[in-house]
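This one's a predicted model, so the numbers in the text were calculated from it and none came from an experiment. Throughout, residue positions are numbered sequentially from 1 according to the sequence presented.
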Amino acid sequence: MNIKKAAEMFDLSVDTLRYYERVGVIPPVHRNASGYRDYTTNDLNWIYLAKNLRNASLSVESLIEFAKLAQLHDTQNVENVQKQILFDQLEELDKKLVEMQQVRDLLVYKIEAYDDHIAKFKAGDGGTDKVEKLWERAK
């Protein structure tokens with residue numbers, strides 16, 4: 001598959017794919033006899049992994065380290081380091097999911113309470129001594 005089709009497949013720009021290869025986010029892509037990139041299923045898997053890990057906030061530096069380790073192929077330690085990079089990212093993502101759920105719960109609460117809040121405000125029943133402490137609601 002050529003670079004344009006690979007970029008379209010994952011909704012990335014051709015420049016992004018070139019950058020990912022140049023800096024080592026993905027391993028070097030095989031070139032055909034004419035010198036053009038010829039993406040294999042393995043290459044596409046790397047692009048898919050890189051895109052998703054970037055979307056989950058994994059740093060470019062960590063992706064480069066992960067890709068370089070994958071190209072070594074020779075020690076159990078390399079596999080352990082790669083697995084640890086993935087595990088660390090999973091922990092970070094789990095923390096973010098908890099935070100995102102808390103924010104979502106707050107938004108749902110604010111939407112559900114909005115009409116009541118506005119009605120109290122318009123009725124003059126929303127004085128500063130009656131203001132809810134949102135941070136205490138979440139406990």
Side-chain angles (χ1 to χ4, degrees):
M1 178 181 295
N2 68 31
I3 193 168
K4 183 178 178 187
K5 289 181 183 176
E8 288 171 357
M9 182 176 188
F10 297 109
D11 195 29
L12 295 169
S13 69
V14 168
D15 288 338
T16 297
L17 290 184
R18 288 184 181 129
Y19 170 75
Y20 278 1
E21 183 180 2
R22 185 177 69 250
V23 299
V25 168
I26 62 173
V29 176
H30 170 75
R31 306 269 180 148
N32 65 20
S34 302
Y36 293 106
R37 290 172 180 85
D38 185 20
Y39 290 87
T40 65
T41 300
N42 191 51
D43 297 322
L44 298 174
N45 281 338
W46 271 100
I47 295 166
Y48 179 77
L49 179 65
K51 178 182 176 180
N52 281 281
L53 290 175
R54 283 295 295 140
N55 286 342
S57 300
L58 188 69
S59 69
V60 169
E61 294 77 16
S62 292
L63 283 170
I64 292 168
E65 179 184 2
F66 187 82
K68 283 181 181 177
L69 289 167
Q71 295 171 63
L72 296 177
H73 296 299
D74 60 353
T75 67
Q76 180 67 31
N77 189 44
V78 166
E79 293 169 5
N80 290 337
V81 173
Q82 276 189 307
K83 189 174 181 179
Q84 188 61 48
I85 290 170
L86 295 174
F87 183 77
D88 291 346
Q89 185 57 33
L90 180 60
E91 283 186 329
E92 283 297 312
L93 188 57
D94 285 343
K95 288 177 189 174
K96 287 182 182 195
L97 285 172
V98 168
E99 292 171 2
M100 294 294 287
Q101 185 61 50
Q102 290 171 345
V103 171
R104 185 185 188 289
D105 291 346
L106 177 60
L107 288 171
V108 167
Y109 171 75
K110 290 298 288 177
I111 290 167
E112 290 172 349
Y114 187 83
D115 291 335
D116 186 50
H117 173 76
I118 295 298
K120 286 181 183 177
F121 179 75
K122 287 180 178 178
D125 193 25
T128 57
D129 58 328
K130 297 179 184 177
V131 174
E132 175 183 23
K133 297 176 182 176
L134 291 174
W135 64 93
E136 290 179 353
R137 188 196 67 75
K139 291 180 183 179

For a 4.5 angstrom cut-off between non-hydrogen side-chain atoms, does [X] reach [Y]?
| X | Y | answer |
| --- | --- | --- |
| Val25 | Val60 | yes |
| Lys110 | Leu106 | yes |
| Val29 | Leu17 | no |
| Glu99 | Val103 | no |
| Leu44 | Tyr48 | no |
| Glu65 | Val81 | yes |

Problem set entry | Test item: side-chain donor near acceptor, Asn80 and Gln84, under 3.5 Å |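 The answer is no; no qualifying pair exists.
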Specify the closest pair of heavy atoms between [X] and [Y], including all atoms of both residues, with the distance to one decimal.
| X | Y | answer |
| --- | --- | --- |
| Gln89 | Ser57 | NE2-C, 4.1 Å |
| Gln82 | Phe66 | NE2-O, 3.1 Å |
| Met1 | Asp38 | N-OD1, 3.1 Å |
| Tyr20 | Ala50 | CE2-CB, 4.1 Å |
| Gly24 | Ala67 | O-CB, 3.1 Å |
| Ala7 | Ser13 | CB-C, 3.9 Å |

Looking at [atom1] of [X] and [atom2] of [Y], how far apart are the two atoms once the value is rounded to the nearest 0.5 Å?
| X | Y | atom1 | atom2 | answer |
| --- | --- | --- | --- | --- |
| Ile3 | Ile47 | CD1 | CD1 | 8.0 Å |
| Phe10 | Tyr39 | CZ | OH | 10.5 Å |
| Leu53 | Leu90 | CG | CG | 10.5 Å |
| Glu92 | Lys96 | CD | NZ | 6.5 Å |
| Leu97 | Arg104 | CG | CZ | 12.5 Å |
| Ile64 | Glu61 | CD1 | CD | 6.0 Å |

For this session: Quick one: list whatever passes salt bridge (Lys or Arg N to Asp or Glu O under 4.0 Å) with Arg37, sequence neighbours left out.
Result: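 Testing Arg37 for salt bridge (Lys or Arg N to Asp or Glu O under 4.0 Å), a comparison that skips the adjacent residues, returns Glu21.
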For this session: Check salt bridge (Lys or Arg N to Asp or Glu O under 4.0 Å) between Asp15 and all other residues, then give those that pass, not counting sequence neighbours.
Result: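 By the salt bridge (Lys or Arg N to Asp or Glu O under 4.0 Å) rule, Asp15 matches Arg18.
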Problem set entry | Whether over 12 other heavy atoms sit under 6.0 Å from Asp11 CG |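 Open.
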Problem set entry | Same apolar cluster (I L V M F W Y, side chains within < 4.5 Å links), Leu93/Leu63 |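 In one cluster: no.
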For this session: Without swapping roles, check the side chain of Asp94 against the backbone of Glu91 for a donor-acceptor pair under 3.5 Å.
Result: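 No: the side chain of Asp94 does not pair with the backbone of Glu91.
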